[in-house]
Amino acid sequence: MELIQNTADLSAYLAADEAIDHQHPVVRRTAGRLAAEATDSYDYARAAFAYVRDTVVHSQDSGDPRVTWRASDVLALGTGICHAKSHALAALLRAEDIPTALCYQRLTRDEGGHVLHGLVAVRFHGAWHRQDPRGNKPGVDARFSLTGERLAWTPDPAAGERDHPLLYAEPHPLVLAALRSARDRAHLWRTLPDSL
């Protein structure tokens with residue numbers, strides 16, 4: 001699948017916004033700790049991915065009812081769904097001047113129907129590479145890779161699932177609206193969009 005920037009200006013994928021608040025002290029401190037141990041930008045990107053995947057707990061897996069969406073809150077509270085974790089990873093990468101996009105998959109819900117899943121794409125070697133910081137669990141083994149995708153899920157077109165090829169500089173408005181208005185994770189599960 002060809003990944004397509006929804007804006008031609010690469011600097012948009014380095015910008016801060018309300019959700020990807022990479023200038024916030026919590027994000028800057030976390031990025032600084034990770035950067036101090038990294039040998040180069042690739043090593044930093046791998047470390048930031050592992051940090052978000054393994055340290056920020058997916059709230060569905062843990063049963064945490066809190067809804068986070070702003071990167072600084074995700075990192076401070078250590079919890080969030082896939083979209084929130086993607087915002088946190090994007091903020092950490094952009095904090096170190098690594099262009100990062102938000103992207104989406106349409107997947108089948110365990111309870112039936114579909115839901116949008118959030119992940120990121122990072123730009124290295126003049127190309128975009130999708131990464132999924134969702135968090136591993138039995139049956140899910142996502143890894144950082146620039147040589148082939150190692151995502152949590154591969155969409156099944158026969159089940160109505162698909163990859164969305166657009167790369168967004170900011171969270172999609174439908175996703176952000178659902179996150180911001182959710183009273184708790186149960187409410188969010190009922191209101192997350194199932195397509196773009």
Side-chain angles (χ1 to χ4, degrees), residues 1-7 13 19-20 45-46 48-50 52-54 56-65 67-69 74 79-90 93 99-125 127-179 181-182 184-196:
M1 176 185 69
E2 180 185 358
L3 298 174
I4 304 163
Q5 292 177 208
N6 78 328
T7 179
Y13 297 95
I20 304 171
R46 280 190 293 276
F49 171 84
V52 173
R53 182 194 64 191
D54 300 341
V56 177
V57 189
H58 192 288
S59 56
Q60 174 72 13
D61 295 349
S62 68
D64 191 330
V67 175
T68 55
W69 56 271
V74 175
T79 189
I81 66 163
C82 59
H83 299 288
K85 292 181 70 158
S86 293
H87 299 170
L89 179 56
L93 294 171
T100 308
L102 299 169
C103 44
Y104 303 94
Q105 294 176 315
R106 183 180 195 238
L107 299 174
T108 303
R109 289 180 182 264
D110 291 338
E111 59 275 10
H114 293 92
V115 68
L116 282 181
H117 173 61
L119 50 159
V120 304
V122 61
R123 190 164 176 88
F124 278 117
H125 309 301
W128 290 100
H129 307 272
R130 292 190 306 166
Q131 313 294 329
D132 192 341
R134 181 240 180 260
N136 291 337
K137 63 178 187 173
V140 175
D141 185 25
R143 297 176 185 259
F144 185 86
S145 176
L146 300 179
T147 58
E149 292 188 336
R150 295 291 308 269
L151 306 178
W153 291 283
T154 301
D156 177 6
E161 299 179 339
R162 70 184 188 104
D163 286 311
H164 289 279
L166 285 181
L167 301 175
Y168 295 88
E170 299 174 345
H172 193 281
L174 292 174
V175 171
L176 191 56
L179 288 165
S181 65
D184 56 27
R185 188 176 36 80
H187 180 252
L188 178 62
W189 244 231
R190 294 188 302 272
T191 59
L192 271 174
D194 65 358
S195 63
L196 296 178

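Nearest heavy atom pair, residue Asp163 against residue Pro155, reads OD1-CG, 3.4 Å. Across every non-hydrogen atom of Val57 and Lys85, the tightest pair is C-NZ, 4.4 Å. Closest non-hydrogen pair, Ala84 versus Thr68, comes out as CB-O, 3.2 Å. Between Val67 and Leu179, the shortest heavy-atom contact is CG1-O, 3.5 Å. Between His87 and Ala19, the closest heavy-atom pair is ND1-CB, 3.9 Å. Considering all non-hydrogen atoms of both residues, Ile81 and Ser59 come closest at CG2-OG, 3.2 Å.
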Derivation and outcome, side chain to side chain contact (heavy atoms under 4.5 Å, CB included), residues Leu119 and Glu149: CA-CA 12 Å; Leu119 50 159; Glu149 292 188 336; over 6 Å; no
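Counting only distance, with no hydrogens or angles, the side chain of Arg134 and the backbone of His58 share no donor-acceptor pair below 3.5 Å. Using a distance-only test at 3.5 Å, with no hydrogens or angles considered, a donor-acceptor pair links the side chain of Arg185 to the main chain of Asp64. Side chain of Thr100 to backbone of Leu93: no donor-acceptor contact under 3.5 angstrom is found. Remark: the backbone N or O of Gln5 is not paired with any side-chain donor or acceptor of Tyr13 at under 3.5 angstrom. Between the His129 side chain and the Phe144 main chain, no donor and acceptor come within less than 3.5 Å of each other.
Considering only residues two or more places apart in sequence or on other chains, Trp69 meets the ring pair (Phe, Tyr, Trp, His ring centres under 6.0 Å) condition with none of them.
Residue pairs that meet the salt bridge (charged side-chain N to carboxylate O under 4.0 Å, His left out) test with at least one member in residues 150-162, sequence neighbours left out, are Asp141-Arg150.
Side-chain contact between Leu196 and Leu116 is present, with at least one heavy-atom pair separated by less than 4.5 Å. Asp132 is listed as a side-chain neighbour of His117, based on a closest heavy-atom distance under 4.5 Å.
Atom SG of Cys82 is separated from atom CH2 of Trp153 by 7.5 Å, given to the nearest 0.5 angstrom. In this structure, CG on Asn6 lies 13.5 Å from NE2 on His164, to the nearest 0.5 angstrom. Remark: Leu102 CG to His172 NE2 distance equals 11.0 Å, nearest 0.5 Å. The distance from the OG1 atom of Thr7 to the CG atom of Leu166 is 11.5 Å, given to the nearest 0.5 Å.
Close placement of the Tyr104 and His83 rings is indicated, their centers lying within 6.0 Å of each other.
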